[in-house]
Structure formats: C-alpha cells, structure tokens
Amino acid sequence: MKLQMDMELIEKLTILSDAAKYDVACTSSGTERKGGKKGMGNAIAPGVCHSFSADGRCVSLLKILFTNECIFNCAYCLNNCDSDVRRAAFTPEEICTITMEFYRRNYIEGLFLSSGIMGSPNITMDLIYQTVYRLRKICHFHGYIHVKAIPGADLGLVERTGFLVDRMSINLELPTADSLQRLAPCKSRHTILKPMRQIQNGISSQKQELAVYRESSPFVPAGQSTQMIIGATPENDYQIMRVAEGLYQKFQLKRVFYSAFVNVNGNAMLPALPGGPPLLREHRLYQADWLLRYYHFQASELLSEERPDFNIFLDPKCDWALRHLEFFPVEVNAASYQSLLRVPGIGYKSAERIVKARRRNRLGFEDLKKIGVVLKRALYFITCSGKMMYRTKLEENYICENLMRDKSQIPRDIREGGYRQLSFFDKELCADYQLLEQEIVPLQQQIVSI
C-alpha cells in the first residue's frame, strides 16, 4: 500500500471533504476538557460546534475522510470500489497540518475523521490511530476529535484510539441485517456490533474506575453514536424506531443519526427516488428520536405494526396527542412533570421551568409564553386555573386543521425546496473562500516542519 504523495494538498482536501458530506454523525456535545498551558484548543460540554445546517449537520468541524479509496462494494456508497470517482488519501502528517492551521485561523473548532477501507480494516484503523496520536501527543491539540471506528479492525487498535478521542462512532449503515446483506455483503451486523459493544463496555468500566480511584485516562468521554441510511431499503418507520430504541437501551448510545438516502450510484438494487431524498421522513425520525431520548416516549406509543409510518403533515408529538385526546386538557398548575412532557408545544426545559415557577405563583398563559411554551400548539391541550386560552373544541379534526396551519410543522428549507448539503468549499456560503484557497496552498510546505 502506498499513500498518495504526488497530489497537491488543496486537491486532496477538496476531494476528501466533499466525499465526507454523506456521513452525518458528527455531533460534538457531551465532553468538557481544558486545554492546559502546553497545548492548543479545548472542548466544552455544550459542544464545539456553534453553526448547524438546516437539518442539524454541524459545519464548524473539519469533516474529512482519511481516504475515499475502498476495498468494499456497498451499493449505496459513492466511494465503493466499483465507482468511477477521483481517489485521494491523506497522510497522518497532512491531516495534522490542516487541522492545526485551520484551528489557528479560526476556520474550525474540531476534527471529524472517517475513512474508506484502504488495504484492510486494520491498516485503515492504524492510520487513523497514528493521526490522532500525532495530533494529541506531538501537536498537543486538545480540541474536539470524533473518529469513525472501522468495523472488522483489531479491537486493540480501537481501544487505543478510544483513549485519544472524544467520541467514536460505528455506522450501523442499514436498519436490518437482511438489508445489509443485500446491499453491503462485505459487511456484517456482527463486525459492526462487536466494536460497538467494546466501546460501551470500555465507557462503563471507566465510570466504575473513576468512582473508585477518581483518576484515569478518559475513554471516549463524549460517548458513541451511529448512523442509519433511510430510504434505501423497505423498512418502515416503526422498524427503524424499534432498532434505534434497542441501540439506546443495549449500547447506551448518545445519538442515532438518520441520513436520507441519496441515490448517487444509480444501482438497479436501489430505489429511484423521483422526488429526491426523503428529507421530510428523515426530519420526522429525528423528531421521534428526540421524544425517545428526552420525553420518555416508547417506539410502541408513537407507531405500531398497524400504523407503521409517521404522519408527514404533523410532528410525532402532535400526532400522538391527537390520537390520545383522553389525556387532555392538562392543567399546568397541577400536572406532573411527566404529563407536561406529553403536551405539544412544551419542551423538556419548559416543563422544568413550569414545575419550578408554579411553586411560587399560579401560572397564566402570559407566564407560559415567557417561560418558552409554544402556545400556538399547546393552547389546544392545556388549561391555566381551569380555563383554556380561547374557546376551542377538544375534537380531533378541529385541532388537526388548526395545527396544520402552523408552517413550522414542516421545516422551511424542505417546504420551499431550498435544501442542499453544505460543502466546506461552498463559495456562496463561505465568505472567506478565496482567502481559504490562498492560505491552504502554503500549508503543503509546513508538513515536514510540524
């Protein structure tokens, strides 16, 4: 195996940042670490990413692939071994140079590093390990790092990498083993779940050690996440949510990401998608996922085998409330925290504020508005001191008709057809593009001296 050294750094970055745009699992919240006097950068608990695209993808991480070369032929992947795409590969030194120089210029606040499989899973994982080791120990970079573990790689390599990064993730790829076997026969559920279990066990073991000794090198302090492609295979929303629920319960994942399928290969085994990627379906799955993680819902409450897909016109919480009007209206001055969480328009933070504020005074609708309750949704489902905000009917069709007038039920970018994925080299969105283009070329000369 030979890493490419004959290609300009700007060319590699253009190719490998663009190749990484379909990997959406790049959240950065959950860890806090001071940089110290001998290093550069730090990580904060709210997350290093302060800018997000319309569908939640963060854009202030340097998000790249180590290489887009790959020995696998996954039907849904643009970079599979049969694709006619321009190939490139970084060296560990090049990634360190780019990361450090971009951080100094305030272009990025952290690194998201994934990769195609070059040579073998072990070779690729070792190159990723060399990269993050160099960043941490030689370049003394203390900022946020998220890497993708390579399924099938030696578990010792995965473990050593886990002590150097903030978050690791392993893509589940597709919701079921049957779909994975059909579209990615080179991969198996076993090789994906084995390192996922290893990471979970490592995190759990460290928590126990910290409780006893109060000192230990952090192992994946921000936890692990995964990604599923949505729309490439025939699974319904209920099946997908059951898989996500199982992952949260069995592996204590921080996030499950849902990526609307984009048919980049024109493979006959894949759906044509004449209407484009299923972005609204992706959006509904994210909303439902939030209900699982923060609102104590279960997948079986939101969907069932008889009703397996989400309502495209209403968000999952509003849809659930309309089907369970027997629980409403809720009296905000008396209802439990759990009951408040079920009210459309009341978020988990608003519910906490309500419980705290009503200890001092009885709350009215003006108070709820100040607290942050979205009254245009909540007014159909709550009372304050026994009274509703307006004279309204607790009737499904009436409420549904009014809720559907709320334009926020469907994101503006999807509603107006203006959605597109952001690119690191988007000339329209990056005001400093020309400056960036001018400054990146001299970085080639700094690789040797770093």
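FYI, the numbering just counts along the sequence from 1.
Heavy-atom neighbours of Arg242 CZ from other residues, nucleotides or ligands within 6.0 Å: at or below the threshold of 12.
By the side chain to side chain contact (heavy atoms under 4.5 Å, CB included) test, Pro316 is found to be paired with Arg284, Gln287, Ala288, Leu291, Phe310, residues two or more places apart in sequence or in another chain being considered. For Val332, the side chain to side chain contact (heavy atoms under 4.5 Å, CB included) test picks out Leu340, Leu368, Ile382, Cys384, with sequence neighbours left out. Residues meeting the side chain to side chain contact (heavy atoms under 4.5 Å, CB included) test with Arg353, sequence neighbours left out: Lys349, Ser350, Ile371.
Between Phe141 and Tyr103, the distance from one ring center to the other falls under 6.0 angstrom. Between Tyr294 and Tyr348, the ring center distance clears the sub-6.0 Å criterion.
For Thr67 (side chain) and Glu69 (main-chain N/O), a donor-acceptor pair under 3.5 Å exists by modelled atom type. The closest donor-acceptor contact from the side chain of Thr226 to the backbone of Ile170 lies under 3.5 Å. Put simply, the side chain of Gln224 never gets that close to the backbone of Met168: no donor and acceptor are under 3.5 Å apart. Looking at Asp406, its side chain never comes within 3.5 Å of a backbone N or O of Lys376 through a donor-acceptor pair.
Sorted by first then second residue, the side-chain hydrogen bond (donor to acceptor under 3.5 Å, both in side chains) pairs that include residues 322-342, not counting sequence neighbours, are Glu301-Arg342, Asp319-Arg323, Trp320-His324, Glu331-Asn333, Glu331-Thr383, Ser336-Ser339. Counting only residues at least two apart or on different chains, the salt bridge (charged side-chain N to carboxylate O under 4.0 Å, His left out) pairs with a member in residues 390-402 are Glu401-Arg405. For the ring pair (Phe, Tyr, Trp, His ring centres under 6.0 Å) condition, the pairs that include at least one residue of residues 363-403, sequence neighbours left out, are Phe328-Phe381.
Using a 4.5 Å heavy-atom cutoff, the side chains of Tyr129 and Glu159 are not in contact. Contact annotation: the side chain of Leu9 approaches that of Glu94 to within less than 4.5 Å [non-hydrogen atoms, C-beta and beyond]. Using a 4.5 Å cut-off on side-chain heavy atoms (C-beta onward), Leu111 and Phe102 make no contact. Side chains of Lys254 and Arg167 form a contact here, defined as non-hydrogen atoms less than 4.5 Å apart. Looking at Leu62 and Glu109, their side chains never come closer than 4.5 Å, going by heavy atoms from C-beta outward. Side-chain atoms of Met228 and Leu174, non-hydrogen and from C-beta on, never get closer than 4.5 Å to each other. At least one side-chain heavy atom of Arg197 sits less than 4.5 Å from a side-chain heavy atom of Asn201. A 4.5 Å side-chain heavy-atom check between His190 and Ser188 finds at least one atom pair inside the cut-off.
Salt-bridge annotation for Lys356 and Glu352: absent, with no side-chain N of the basic residue lying under 4.0 Å from a carboxylate O of the acidic one. Under a 4.0 Å N-O distance rule, the pair Arg182/Asp178 does not qualify as a salt bridge. Between Arg136 and Asp166 there is a salt bridge, since a side-chain N of the basic residue sits under 4.0 Å from a carboxylate O of the acidic one.
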**OP:** Quick one: do Glu101 and Arg105 satisfy salt bridge (charged side-chain N to carboxylate O under 4.0 Å, His left out)? Show the steps, please.
**Re:** CA-CA 6 Å; Glu101 294 302 323; Arg105 288 163 171 78; 2.7 Å; yes

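Atom CG of Asp237 sits about 5.0 Å away from atom CG of Leu285, to the nearest 0.5 Å.
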